[in-house]
Amino acid sequence: ADWHDVVDPIFGLELLTNMTCMPHGTSQSLSQIWPLVSTHFERLILYIVGGHGSRDQQFIERLIVNTLRLCIRLIGNVELVPTLLMLTQHLARLPEGLFNIYSERIACGLLVLVKESDLQHTGLCAIFSLLRRISESPASVGACGAGLECLNHWLADDVELSR
């Protein structure tokens, strides 16, 4: 494949993520572009979930990483939490082979997300669906370790969960 075929979409994805995660003067500008950004990411992930584009390994890796970056950086914006959690749920639906390849990246991103956020218990379903998928891919010791760290963080930090 021509290097432009690989580099241009990755560059566009990185640029979109960086622009979205930049501190904005007001949250109004973010709320104006967020529907476009979240829909774009959702469509890309669903395209991969649908079994397409599996040969574009660099792009898939950057899509997963940038999805998690968006979640980590923007989880503090209460308006965006439902769509951010929806994006994580889509990651949990990746085809088995792809999920196994990127499970450690997903688990590490999830760990940072859990540590950086104070999700309500209702928002934890999305996180638990990813943890379940991580536990099903035992070939990645690093992914399982990060998954266990997520659970340990909650138990150490949440009186209600640790009972």
Side-chain angles (χ1 to χ4, degrees), residues 6 8-24 27-137 140 142-144 146-147 149-151 153-154:
V6 175
D8 288 347
I10 293 172
F11 177 75
L13 191 64
E14 296 286 340
L15 185 61
L16 179 61
T17 303
N18 289 341
M19 297 291 292
T20 304
C21 291
M22 284 176 108
H24 297 281
S27 64
Q28 183 179 2
S29 57
L30 179 59
S31 63
Q32 289 173 345
I33 66 167
W34 180 246
L36 298 170
V37 173
S38 63
T39 300
H40 184 65
F41 271 80
E42 180 181 25
R43 287 180 178 164
L44 290 172
I45 295 168
L46 290 176
Y47 181 76
I48 303 302
V49 166
H52 309 285
S54 60
R55 291 191 345 239
D56 302 321
Q57 296 290 318
Q58 295 100 343
F59 183 76
I60 293 170
E61 188 263 343
R62 296 317 306 160
L63 175 61
I64 290 168
V65 168
N66 282 303
T67 299
L68 291 165
R69 277 182 56 210
L70 284 173
C71 292
I72 292 164
R73 293 277 183 84
L74 302 176
I75 199 72
N77 187 324
V78 178
E79 278 180 32
L80 307 183
V81 170
T83 30
L84 293 169
L85 291 175
M86 177 202 54
L87 290 174
T88 64
Q89 287 178 318
H90 289 324
L91 290 179
R93 296 175 47 214
L94 287 169
E96 185 177 350
L98 288 175
F99 193 89
N100 288 340
I101 291 169
Y102 302 112
S103 63
E104 188 167 357
R105 282 196 147 337
I106 292 169
C108 291
L110 190 61
L111 178 59
V112 173
L113 178 64
V114 165
K115 287 183 173 183
E116 296 290 318
S117 66
D118 185 24
L119 287 175
Q120 300 297 316
H121 291 277
T122 55
L124 297 180
C125 289
I127 305 301
F128 279 120
S129 65
L130 268 173
L131 287 173
R132 183 180 317 114
R133 278 299 302 273
I134 291 165
S135 72
E136 293 169 353
S137 59
S140 178
C144 290
E149 270 192 72
C150 286
L151 295 172
H153 176 76
W154 281 327

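Along the sequence shown, residues carry numbers from 1. No hydrogens, no waters, no symmetry mates; every other heavy atom, side chains included, goes into these values.
The minimum heavy-atom distance between P35 and S31, with the atom names listed, is CD-O, 3.2 Å. L87 and S38 get closest at one heavy-atom pair: CD2-O, 4.1 Å. The shortest heavy-atom contact between G53 and I60 is O-CD1, 3.3 Å.
Rounding to the nearest 0.5 Å gives a distance of 5.5 Å between CG of L63 and CZ of F59. The structure places CG of L113 at 13.0 Å from SG of C108, a figure rounded to the nearest 0.5 Å. With values rounded to the nearest 0.5 angstrom, Y102 atom OH is found 9.5 Å from L94 atom CG. Rounded to the nearest 0.5 Å, atoms CZ (R73) and CG (L84) are 13.0 Å apart. The structure places CD1 of I75 at 11.0 Å from CD of E116, a figure rounded to the nearest 0.5 Å. Going from atom NE2 of H90 over to atom CD1 of I64 covers 14.0 Å, rounded to the nearest 0.5 Å.
When the side-chain contact (heavy atoms from CB on, under 4.5 Å) test is applied to T39, the partners found at least two apart in sequence or on another chain are R43. In this structure, the side-chain contact (heavy atoms from CB on, under 4.5 Å) partners of T17, at least two apart in sequence or on a different chain, are C21, F41, N66, R69, L70.
When each of L91, T88, L131, I72 is tested with L110 by the rule side-chain contact (heavy atoms from CB on, under 4.5 Å), just one qualifies, namely L131.
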> Would N77 and W34 satisfy side-chain contact (heavy atoms from CB on, under 4.5 Å), going step by step from the backbone distance to the final call?
Replying inline: CA-CA 11 Å; N77 187 324; W34 180 246; over 6 Å; no
> Passes side-chain contact (heavy atoms from CB on, under 4.5 Å), L13 versus L44? Steps please.
Replying inline: CA-CA 10 Å; L13 191 64; L44 290 172; 4.0 Å; yes
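Residues in residues 86-111 take part in these salt bridge (charged side-chain N to carboxylate O under 4.0 Å, His left out) pairs, two or more places apart or across chains: E61-R105.
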